[in-house]
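What you see is a predicted model, and the numbers here were worked out from it, not measured in a lab.
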Amino acid sequence: MFGNIGWGEFMVLLVAALVILGPERLPGAVSWVTKSLRQVREYASGASQQLKDELGPEFEDLRKPLADLNQLRGMTPRAVITKHLLDGDDSILTGNFDKPSSVSFDKSNAGTKAVSADPAASTAPQNKPLAAGERPPIDLDAT
């Protein structure tokens, strides 16, 4: 809850509270704040437990889209590019090319065709020169 408050800010708040409230009322104020925070936490956990009890199995169906939204809120542009465009391989962005990649690029085709690093996984025909009068294959999905 107070993860973004550093020690310096905490000390400033403590000194301000000591000056404003005085040494006599400061312990009472601190105990009141801790009791109030504890009560708010109990109310929140009780409300979520009550919602979970009332909705039953539908609660998980409601919770999954909310978890996905929370995950999207934490996405940075770099994480989005790495996850969706680079399939989790951030070696291009970090410059760490020592890690073997599962996809490499074919240099003979001007680097435009991705070839799997595992030759057994490749089902595409190998690049061999066309015979005279032979037409190249057409990918209807690409045109």
Gap separating the CD atom of Glu9 from the CG atom of Leu14, nearest 0.5 angstrom: 13.5 Å

Test side-chain contact (heavy atoms from CB on, under 4.5 Å) applied to Leu26 and Leu18, Ile20, Val19, the passing residue: Leu18

All pairs passing side-chain hydrogen bond (donor to acceptor under 3.5 Å, both in side chains) where residues 27-38 contributes a residue, at least two apart: none

